[in-house]
Amino acid sequence: MQQVITHWWEVDSTDTIEGLKRQPEIIRAAKLLREGGLVAFPTETVYGLGADATSQAAVAQIFEAKGRPSDNPLIVHLGSPEQLAKWVEGVPSVAKICMKHFCPGPLTLVLPHNGQIADNVTAGLDTVAVRFPSHPVAMALLQVADIPVAAPSANRSGKPSPTQAQHVWHDLSGRFHVLLDGGNAGVGIESTVLDITGDVPMLLRPGGITLEQLRDVLGDVEVDPNLHSEKSKPRSPGMKYRHYAPSGEMFLVHGEPLKVVGRVNRMIKEDVRQGKKVGVLTTEERKHYFKQANHVIACGSRSDPESVARGLYDALRTFDQEKIDVIYAETFPECGIYTSVMNRMRKAAEGRMIRV
Ligand code: TXA
Ligand code: MG
């Protein structure tokens with residue numbers, strides 16, 4: 001693609017939303033979005049790469065910059081819940097309940113659109129995915145721009161989503177116009193995608209809002225049965241692609257903690273003997289067990305699941321920088337935010353799991 005100059009603008013994300021709306025960087029970035037440019041911005045999940053969702057030409061640049069397959073639809077970001085009605089067929093009561101409890105925040109709703117969003121945003125589907133980010137920089141930008149903004153995660157397709165401005169710069173500089181640096185993103189993994197077109201809401205992608213939280217509010221929530229299957233086609237098209245993947249070969253090692261430690265250390269020894277560079281993805285509680293690995297990363301603390309979510313993608317990226325050949329990772333119990341963490345880790349490991 002044709003190279004462009006990417007500007008890196010720092011914004012003070014500790015300011016209030018009203019204050020942010022007056023910051024010159026936000027005003028200029030919003031103007032650029034309205035004129036068809038590409039702006040990367042922080043959200044409370046990960047950084048997004050945004051374009052005017054009503055402009056086919058603006059949105060086409062996102063797919064080109066990311067190297068993203070065109071059959072993978074984008075999420076539309078809105079600055080306030082009142083704007084939803086403008087872009088969808090109708091606002092069902094389940095959408096209202098979700099918005100009341102979780103928006104703004106890391107929840108994406110899939111519902112029938114009214115044809116006003118560009119076709120390449122929805123990949124020609126009858127539905128559109130919409131969310132209302134709660135990060136103050138994202139909110140200010142969306143409110144000033146006053147347009148729907150299509151924004152996938154701001155990484156090269158297939159790489160871990162960016163949780164820091166530096167990650168976006170590394171993957172995409174020269175391929176978009178402005179990077180709004182608002183510090184680290186919050187949750188660290190993407191939003192939860194919930195399809196509310198059917199009788200019972202269906203979870204298409206686990207993320208920042210947990211299944212338990214959704215069930216507390218909505219009662220019955222189904223989980224896309226294809227989510228756990230390697231073979232069948234998930235209903236969230238993006239879930240079928242290799243994602244979040246480090247360059248090294250990653251293995252999840254599951255079982256009783258001491259057995260996991262023993263097995264991993266034996267594998268490290270053998271790999272190092274063969275001349276491989278070995279990484280271990282672990283937690284504060286266990287990091288001191290793996291002395292022989294070339295690179296040990298504690299991505300958070302087991303007792304603080306949110307910290308693990310926040311640290312995961314940066315850890316995967318660090319293994320790439322260090323040119324690690326093999327990565328052994330500990331597993332987490334499948335509940336709360338750990339369900340979303342494990343979903344991403346299984347993808348990063350392409351399903352490779354060693355049970356001990
Ligand atoms: O947290 C997030 O959601 C981040 C930030 C930037 O907002 N965005 C993000 O976008 O993760 P992306 O493009 O990386 O993932 C969008 C997911 C994909 O799995 C896609 O297939 C799904 O949403 N999706 C989009 N439109 C859909 C639709 N109409 N029906 C079902 N799934 C849809
Ligand atoms: Mg993505």
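Along the sequence shown, the residues carry numbers beginning at 1. Both counts, for ligands and for their atoms, begin at 1 and track the order of listing. As the structure is a computational prediction, the values presented were derived from the model and not from experiment. Hydrogens, waters and symmetry mates play no part in the numbers below; they use all other heavy atoms, side chains included.
- Residue nearest to atom 20 (C) of ligand 1, selected from Ile117, Val149, Asn155, Asn72: Asn72 (by heavy-atom distance).
- No side-chain donor-acceptor contact under 3.5 Å links Thr163 and Arg317.
- Side chains of Ser153 and Glu190: no donor on one and acceptor on the other come within 3.5 Å.
- Close contacts of ligand 1 with His77, meaning ligand atoms under 4.0 Å from a residue heavy atom, involve 5 (C), 6 (C), 7 (O).
- For ligand 1 and Gly48, the ligand atoms under 4.0 Å from any heavy atom of the residue are 6 (C).
- Every heavy atom of Thr122 sits 4.0 Å or more from the atoms of ligand 1.
- Each of Thr127, Val221, Leu111 was scored for a side-chain contact (heavy atoms from CB on, under 4.5 Å) with Ile196, with one residue passing: Leu111.
- Close approach to Ser153 involves these atoms of ligand 1, each under 4.0 Å from a residue heavy atom: 8 (N), 9 (C), 10 (O), 12 (P), 14 (O).
- Between Thr127 and ligand 1, at least one pair of N/O atoms sits closer than 3.5 Å.
- Side-chain contact annotation: Glu82 with Ser80, donor-acceptor N/O pair under 3.5 Å present.
- Close approach of ligand 1 to Glu190 (heavy-atom distance below 4.0 Å) involves ligand atoms 1 (O), 2 (C), 11 (O).
- Checked by atom type and distance alone, the side chain of Asp119 never pairs as donor or acceptor with a backbone atom of Gln56 at under 3.5 Å.
- Shown in contact with Leu204 at under 4.0 Å from a heavy atom are these atoms of ligand 1, numbered in order with element: 31 (C).
- Short contacts between ligand 1 and Leu125, defined as distances under 4.0 Å to a heavy atom of the residue, involve ligand atoms 28 (C), 29 (N).
- Applying the side-chain contact (heavy atoms from CB on, under 4.5 Å) rule to Cys98 yields the partners Val94, Leu107, Leu109, Leu194, Leu218; only residues at least two apart in sequence or on another chain are considered.
- Only the side chain of Arg68 comes within 4.0 Å of ligand 1, counting heavy atoms alone; its backbone N, CA, C and O stay farther away.
- For the pair Thr45 and ligand 1, the shortest N or O to N or O distance falls below 3.5 Å.
- Residues Glu322 and Asn294 bring no donor and acceptor atom of their side chains to less than 3.5 Å of each other.
- For the residue pair Gln116/Thr54, the side-chain donor-acceptor check at 3.5 Å is not satisfied.
- The Mg ion (ligand 2) lies at 2.8 Å or more from every N, O or S atom belonging to Ser157.
- Within the structure, every pair that satisfies the ring-ring contact (aromatic ring centres under 6.0 Å, His included) test and touches residues 323-356, not counting sequence neighbours, is listed here: Phe251-Tyr328, Phe332-Tyr338.
- Ligand 1 has a nitrogen or oxygen under 3.5 angstrom from a nitrogen or oxygen of Ser191.
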